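As structure tokens, the structure follows; a few thoughts come after it.
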Protein chains: 2
Amino acid sequence: MEPRPTVVPPPIQLRIADDIRMQIERGELKPGASLPTLAEMADRWSCSVGSARAAVALLKAQGLISSGRGRAPVVRVPPRKVIRSSERHQVEKDLAARPQAERATVGEAETNHNMQISEQKFRSRYDQIEAGPNLAALFRIEPTDPVLRRRYDSTDSADLLLSSSVSYMPIALISSNPALLDEANEPWPGGTQHQLSTVGVEIMTMIDEVTARMPTTVEAQLWGLPDGVPLILCRRISLDANERVVEVSDAEYPADRTELRFVTPLKPWPKRGKPSGRQGGRS
Amino acid sequence: MEPRPTVVPPPIQLRIADDIRMQIERGELKPGASLPTLAEMADRWSCSVGSARAAVALLKAQGLISSGRGRAPVVRVPPRKVIRSSERHQVEKDLAARPQAERATVGEAETNHNMQISEQKFRSRYDQIEAGPNLAALFRIEPTDPVLRRRYDSTDSADLLLSSSVSYMPIALISSNPALLDEANEPWPGGTQHQLSTVGVEIMTMIDEVTARMPTTVEAQLWGLPDGVPLILCRRISLDANERVVEVSDAEYPADRTELRFVTPLKPWPKRGKPSGRQGGRS
DNA sequence: GAGTGGTCTAGACCACTGT
DNA sequence: CAGTGGTCTAGACCACTCC
């Protein structure tokens, strides 16, 4: 006979955490407000301080509260989100076709995404590595073929990451213009799309693949991420007119400060083929 | 004078968790492999069992391992990701213009996203609510104006969520076809785009806004999510030819099983305006 | 049944925050 | 300096897995 699973009351930490979460959702605890102290919680739910602490840890892992030594835990106030729109793809492409003077001025603004120029430090590092099985499959080259890896990151005054990305291009594709292999030429006026144009490549399609995961301890430290905040991962694949993959770029964004926006234009319905019938449903 | 922060050795739990994480990244611990028992860890790092347990909890919160009563913690094996592509937007629009017979057959397949029809249960609930400030601003209507809310979710045989979404449309936009207000007409052959076509609306642009956050305890339970797996949030806004917002839909996806794909076609460069200059860099 | 991890407790020590 | 939360320990009890 199947052993019916023992009905077990939910752990105290869960009860506490859920009670507090509901208080937050109902607005009884507003963003910025302080939670009860551990001792008060232990008293209110008649449990040990350790269990109360476990409940606080749970809420932290869900990104709902912040806490630190000597400070009562606080309901986290959601930071304003920076919007990164796919319309930038077209803007950058248009820019790449403009004369050098114009590229230079706008090119600089591109790197400062919605932010004061203030105290940012940029870094770009180029090197050449073997494609490896993963990239080789995308580029349709041999795993031992060389690719140019370009790593970009910008940090603020406290050395916390503001943005970080890696880009890959097959060496065979770009070697006809040696300037593309030298990181001393960064920042390149007009960006990657203009770089590729110098070797006769025009990007016709961009594919963005988006997912998310929790950061490791070191990643959380580099980004200055509070507990319970995921990283958004975005791989951007650039195709030319022949559907050939010409660039792959991986970027990471802190989920609490980032919203990715993708705009998809749809083709109009044919003039005569307009949908008909006002009644739908089961027929 | 600024009090230089005391240099404090990193907590034992962090050292343990980081050591194990690096073993996983180096491949010394492969997906599916068992971690040492808590007692062994306590011995190896000469700490208490409690600290070893804290390290395991950290790795769980990062989504790297799974653990349960009586079982040694195990390196998590990443599940295959279901790809949800924005190209579906165009496919559904094309479908909406097809004759009823065709819509009916394909409409069913649409709901089964890449999965056997097997044991899924679908549910759709319609109701009418006040727009509220948030939706009112999007639709450019009054906060007290009514909107149709449609909630869809599908669950597997164990009642775990497979997909979940909510959609909003202003009542004023669709009330000329009462069939649209009745959930008994679900599933509607041809989907939302055909529904809107019956009231003279053609969607010309879709905007997807993507971010991520950690699930609450109850959400993790509903989805059957392991610890340390974020939820991907996607708000889809549909515009007609006049840039009027006609539908808003919010969907959630488990990040470990989901990859969102967005395809952006770029307009070709003008024939004569091709970018020039083989040399870039600082000018 | 032996061994495992999950929950919970109690208490010590330390780093940090406020006043 | 009093009070707070963060770290760490030791030990009890329970539910579960595996042999």
Side-chain angles (χ1 to χ4, degrees), chain A residues 1-20 29 32-61 64-76 217 220-221 226-228, chain B residues 1-20 29 32-61 64-76 217 220-221 226-228:
Chain A
M1 156 190 345
E2 185 146 272
R4 187 155 54 85
T6 320
V7 174
V8 64
I12 313 285
Q13 2 169 327
L14 273 193
R15 292 253 317 106
I16 303 178
D18 253 30
D19 282 359
I20 296 181
L29 282 171
S34 289
L35 265 56
T37 68
L38 291 183
E40 285 168 346
M41 292 172 48
D43 191 50
R44 167 126 53 110
W45 281 274
S46 35
C47 66
S48 77
V49 180
S51 301
R53 195 193 305 286
V56 169
L58 258 178
L59 293 168
K60 267 210 299 191
L64 292 175
I65 66 174
S66 307
S67 74
R69 280 185 217 257
R71 261 185 4 259
V74 159
V75 180
R76 197 173 289 173
T217 319
Q221 214 166 279
D227 286 319
Chain B
M1 161 193 335
E2 187 146 89
R4 186 157 54 86
T6 322
V7 174
V8 65
I12 313 287
Q13 4 169 325
L14 272 194
R15 292 253 315 105
I16 304 178
D18 253 30
D19 282 358
I20 295 181
L29 283 171
S34 291
L35 264 58
T37 68
L38 291 184
E40 285 168 347
M41 292 172 49
D43 190 50
R44 168 122 54 106
W45 279 276
S46 38
C47 67
S48 77
V49 180
S51 301
R53 196 192 306 284
V56 169
L58 259 178
L59 293 168
K60 265 209 301 190
L64 293 175
I65 66 174
S66 307
S67 73
R69 279 188 220 257
R71 264 188 358 262
V74 158
V75 180
R76 197 173 290 171
T217 318
Q221 215 166 278
D227 285 318

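Residue numbers begin at 1 in each chain, while the letters A, B, ... track the order of the sequences. What you see below is based on every heavy atom in this structure, not just the backbone, and it leaves out hydrogens, waters and symmetry mates. What you are looking at is a predicted structure, and each value in this text was computed from that prediction instead of being measured.
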Atom-pair distance ([atom1] on [X]; [atom2] on [N]), nearest Å:
| X | N | atom1 | atom2 | value |
| --- | --- | --- | --- | --- |
| B/Met41 | C/dG5 | CE | P | 9 Å |
| A/Leu35 | D/dT4 | CG | P | 14 Å |
| A/Arg71 | C/dG18 | CZ | P | 7 Å |
| B/Leu38 | D/dC14 | CG | C1' | 15 Å |
| B/Asp227 | C/dG5 | CG | P | 16 Å |
| A/Arg69 | D/dT4 | CZ | C1' | 11 Å |
| A/Asp43 | D/dT4 | CG | P | 12 Å |
| A/Leu58 | C/dT7 | CG | C1' | 12 Å |

Determine the minimum heavy-atom distance between B/Ala42 and B/Ala52, stating which atoms define it.
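Scanning both residues, the minimum pair turns out to be N-CB, 4.2 Å.
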Provide the closest heavy-atom pair for B/Ile16 versus B/Cys47 in the form atom of the first, atom of the second, distance.
CD1-SG, 3.8 Å
When you compare the side chain of B/Val75 with that of B/Leu64, does any pair of heavy atoms fall below 4.5 Å?
no
Tabulated below should be each protein N or O lying under 3.5 Å from an N or O of nucleotides 8-11 of chain C; please produce it.
residue : atom : partner : partner atom : Å
C/dC8   : OP1  : A/Ile12 : N            : 2.6
C/dC8   : OP2  : A/Ile12 : N            : 3.3
C/dT9   : OP1  : A/Ser48 : N            : 3.3
C/dT9   : OP2  : A/Ser48 : N            : 2.7
C/dT9   : OP2  : A/Ser48 : OG           : 2.6
C/dT9   : OP2  : A/Ser51 : OG           : 2.4
C/dT9   : O5'  : A/Ser48 : OG           : 3.4

How would you list, by chain and number, every residue that makes a side-chain contact (heavy atoms from CB on, under 4.5 Å) with B/Val56, sequence neighbours excluded?
B/Leu38, B/Met41, B/Ile65, B/Ser67, B/Pro73
If you look only at pairs with a residue in residues 33-45 of chain A, which of them pass as a side-chain hydrogen bond (donor to acceptor under 3.5 Å, both in side chains), with sequence neighbours excluded?
A/Asp19-A/Trp45
Could you grab the distance from atom CG of A/Leu59 to atom CZ of A/Arg76, nearest 0.5 Å is fine?
10.5 Å
Considering just the side-chain nitrogens and oxygens of A/Lys60, establish if one lies under 4.0 Å of OP1 or OP2 belonging to D/dG6.
yes
